[in-house]
J.: 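The structure under discussion is supplied below as structure tokens; questions concerning it will follow.
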Amino acid sequence: MEEQYLIVEKQDRIGKIRLNRPRVLNALNSALIGELADVMEEMDRDDQIRVILLMGSEKAFAAGADIQELAESSPVDFVMKQFFADWERIRKIQKPIIAAVSGYALGGGCELAMCADLIVASETARFGQPEINLGVIPGAGGTQRLTRAVGKARAMEMILTGKPITAREALEAGLVNRVVPADQLEEEALALAKEIAGKPPIAVRLAKQSVLKAMDLPLEHGLHFEQNSFYLLFSSQDQQEGMQAFIEKRKPNFQGK
Ligand code: CO8
């Protein structure tokens, strides 16, 4: 697959995707999001890949939706192009996604980082939803995912003032998993990806789904989903391998079966 806006690499069971529109700080136009959804879906189907790592540049993870493209769009364009359909495809990716964020993660950039399951931030990262300054509001899940991640008070302030928060503030608020020095971002994110890639893939997949259910299902339904996933895992070879390896005091070798 030829990508125009992405640099894609596969390394040790990790699918690495780098956003690559440097001239406009990785502004997310529709073509880029379409490519991203295509590549992520391909990686989701690829048995050689267990974790997806999404990165931007040092200056910007992504500075938001492409304002030039937005400025030229009408409500009818949004409807006819199904503007958010590719975001939905990204939301449905089953393998864990780690976002490594350096510099600006603003507007759609912050929303894209929040589509990931884990965020590793460099000390230079800035997370914000500045759409209010453009006369609009977040459209790719910002009001919902940010509120779930950091709570009403902070989300409301970020969305109503448009002011970004620092990486440290994001860590304190629970938006990111860890903050690392800028020059160690890729290394640290890769180490986390490799750690998860060594875990049993079917359990990882069901664990991701179960945690995500906690965000939108009532407790009883979420517990039901978790229990069914738990039962299902007892039909996997990895469950037998994991428990047998524990009993035999050896390292398990998970095959994703
Ligand atoms: N869209 C288009 N072009 C952009 C964007 C953007 N979001 N951000 C930066 N650029 C361009 C600039 O226009 C500039 O281009 P040029 O060199 O041709 O003038 C180039 O990138 C470099 O930017 P700056 O010169 O502005 O760089 P600075 O270091 O001075 O400033 C900032 C960096 C603070 C990040 C600044 O560029 C900025 O404020 N950018 C816009 C941030 C923003 O408002 N983002 C929200 C956009 S709206 C949105 O995301 C809605 C989400 C809806 C759903 C998602 C659908 C995809």
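Counting starts at 1 for both ligands and their atoms, following the listed order.
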J.: Just which atoms of ligand 1 are under 4.0 Å from any heavy atom in L28?
T.: 57 (C)

J.: Does R126 count as lying over the ring of Y104, i.e. NZ or CZ under 6.0 Å from the six-ring centre, within 45 degrees of the axis?
T.: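 Not satisfied by the 6.0 Å and 45° rule.
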
J.: Is ligand 1 less than 4.0 angstrom away from at least one heavy atom of Q129?
T.: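 No, that is not the case, since the closest heavy atom of the residue is not under 4.0 Å from the ligand.
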
J.: For atom 21 (O) of ligand 1, grab the closest protein heavy atom and report residue, atom and distance to one decimal in Å.
T.: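 Atom 21 (O) of ligand 1 sits closest to the protein heavy atom V24 CA, 3.2 Å.
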
J.: Determine, for K257 against D238, whether the closest basic-nitrogen to carboxylate-oxygen distance falls under 4.0 angstrom.
T.: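 Here K257 does not pair with D238 in a salt bridge, since their nearest N and O are not under 4.0 Å apart.
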
J.: Look at R250 together with E241 and state whether they make a salt bridge at an N to O cut-off of under 4.0 Å.
T.: yes

J.: Can you check atom 26 (O) of ligand 1: any protein non-hydrogen atom closer than 4.0 Å?
T.: no

J.: Does one hydrophobic cluster hold both V120 and M55, with members joined at side-chain heavy-atom distances below 4.5 Å?
T.: yes

J.: I'd like to know whether ligand 1 has P130 as a neighbour, heavy-atom separation below 4.0 Å.
T.: yes

J.: Can you tell me if E111 has a non-hydrogen atom under 4.0 Å from ligand 1?
T.: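 E111 counts as a contact of ligand 1 under the 4.0 Å cut-off.
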
J.: Given I132, I67, I137, which one has a non-hydrogen atom that is nearest to atom 2 (C) of ligand 1?
T.: I67

J.: Could you tell me whether atom 7 (N) of ligand 1 has a protein heavy atom closer than 4.0 Å?
T.: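 Yes, because at least one protein heavy atom sits under 4.0 Å from atom 7 (N) of ligand 1.
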
J.: Output the list of atoms in ligand 1 that are nearer than 4.0 Å to some heavy atom of A27, sorted by atom number.
T.: 1 (N), 2 (C), 6 (C)

J.: Any Lys/Arg nitrogen of D46 or K10 sitting under 4.0 Å from an Asp/Glu carboxylate oxygen of the other?
T.: yes

J.: Using a strict cut-off of 4.0 Å, indicate which atoms of ligand 1 neighbour a heavy atom of R23.
T.: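 Those atoms are 18 (O), 20 (C), 21 (O).
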
J.: Counting non-hydrogen protein atoms only, what is the nearest one to atom 31 (O) of ligand 1? Give residue, atom name and distance.
T.: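 Nearest protein contact, heavy atoms only, for atom 31 (O) of ligand 1 is Y104 OH, 4.3 Å.
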
J.: Strictly by modelled atom types, are Q11 and K16 linked by a side-chain donor-acceptor pair under 3.5 Å?
T.: yes

J.: Any idea which heavy atoms bring P181 and E123 closest together, and the distance?
T.: CA-OE1, 3.7 Å

J.: May I ask you to check whether over 12 heavy atoms, not counting those of F234, lie within 6.0 Å of atom CZ?
T.: yes

J.: For atom 56 (C) of ligand 1, what's the nearest protein heavy-atom neighbour? Residue, atom name and distance, please.
T.: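 Checking every protein heavy atom, the shortest distance to atom 56 (C) of ligand 1 gives F83 CE2, 3.6 Å.
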
J.: Would you verify that at least one protein heavy atom lies under 4.0 Å from atom 12 (C) of ligand 1, or report that none does?
T.: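 Protein heavy atoms within 4.0 Å of atom 12 (C) of ligand 1 - there are none.
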
J.: For atom 23 (O) of ligand 1, decide whether some protein heavy-atom distance is shorter than 4.0 Å.
T.: yes

J.: At less than 4.0 angstrom from any non-hydrogen atom of L134, what atoms of ligand 1 do you find?
T.: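 Listed by number with element, the hits are 44 (O), 47 (C), 48 (S).
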
J.: Write down the atom of I202, the atom of S236, and the distance for their closest heavy-atom approach.
T.: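 Closest heavy-atom pair between I202 and S236: CD1-CB, 4.1 Å.
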
J.: Just jot down the ligand 1 atoms closer than 4.0 angstrom to any heavy atom of A140, in number order.
T.: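 Within the 4.0 Å cut-off of A140, ligand 1 contributes 54 (C), 55 (C).
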
J.: For atom 37 (O) of ligand 1, state whether the nearest protein heavy atom is under 4.0 Å away.
T.: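 Given the 4.0 Å limit, the answer for atom 37 (O) of ligand 1 is yes, a protein heavy atom qualifies.
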
J.: Does Q82 CD have over 12 foreign heavy atoms under 6.0 Å away?
T.: no

J.: Supply the members, apart from V136, of the Ile/Leu/Val/Met/Phe/Trp/Tyr cluster built from side-chain contacts under 4.5 Å; use none for a lone residue.
T.: I67, L134

J.: Does an N or O anywhere in L106 fall below 3.5 Å from an N or O of ligand 1?
T.: no

J.: Tell me which one of G64, A63, G139 gets a heavy atom nearest to atom 42 (C) of ligand 1.
T.: A63

J.: Check the surroundings of atom CD in Q209: do more than 12 heavy atoms from other residues, nucleotides or ligands lie under 6.0 Å from it?
T.: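 More than 12 heavy atoms, drawn from other residues, nucleotides or ligands, come within 6.0 Å of this atom.
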
J.: Among protein heavy atoms, which lies nearest atom 55 (C) of ligand 1, and at what distance?
T.: W87 CZ2, 3.7 Å

J.: Are L70 and Y5 connected in the hydrophobic side-chain network, where two residues link if heavy atoms are under 4.5 Å apart?
T.: yes

J.: Any idea which protein heavy atom is nearest atom 29 (O) of ligand 1, and the distance to it?
T.: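 Checking every protein heavy atom, the shortest distance to atom 29 (O) of ligand 1 gives K59 NZ, 2.8 Å.
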
